[in-house]
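Sequential numbering from 1 along the given sequence is applied to the chain's residues.
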Amino acid sequence: GETLFVLGGKTQGGLSAYDVTTGKLTASYSRGAHFNGLYLLPNNNLLVVSGANPRLSFFSQDLDLLGSATTNLQIAAAF
């Protein structure tokens, strides 16, 4: 099925996945993280960007955290 990935709101943050057909929540990740950007990578994993370190976090489509990276760079976009 099709999945819609959504960044959490200003107060709660996190990342959620919804089944487009049913509208049901299928996965979520929070742990206090607030993300500014969400990108689907060519390998179908997700990259989320944060304003604070770790700035880059990588997730499977099931929202399992695959890894993260700390950097002093401000990330404006990912291609």
**Asked** Under the side chain to side chain contact (heavy atoms under 4.5 Å, CB included) criterion, do Asp19 and Thr3 qualify, and how do the steps go?
**Response** CA-CA 5 Å; Asp19 182 295; Thr3 303; over 6 Å; no
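- Arg55 places a side-chain N or O within donor-acceptor distance of the main-chain N or O of Leu73, the cut-off being under 3.5 Å.
- Taking OG1 from Thr26 and CD from Gln61, the interatomic distance works out to 10.0 Å, rounded to the nearest 0.5 Å.
- With sequence neighbours excluded, the residues satisfying ring-ring contact (aromatic ring centres under 6.0 Å, His included) with Tyr29 are Phe59.
- Take Thr70 and apply the side chain to side chain contact (heavy atoms under 4.5 Å, CB included) test, not counting sequence neighbours, and it matches Asn53, Pro54.
- Residue Ser28 holds its OG atom at 8.0 Å from OH of Tyr18, rounded to the nearest 0.5 Å.
- In the hydrophobic clustering of ILVMFWY residues, with side-chain heavy atoms under 4.5 Å counting as a link, Leu65 and Val6 come out apart.
- Looking at Ser16 and Leu25, their side chains come closer than 4.5 Å, going by heavy atoms from C-beta outward.
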All N/O donor-acceptor pairs, side-chain side in residues 35-50, below 3.5 Å, sequence neighbours left out:
residue: Asn43; atom: OD1; partner: Asn45; partner atom: N; Å: 3.0
residue: Ser50; atom: OG; partner: His34; partner atom: O; Å: 3.0
residue: Ser50; atom: OG; partner: Ala52; partner atom: N; Å: 3.2
residue: Ser50; atom: OG; partner: Ala52; partner atom: O; Å: 3.2

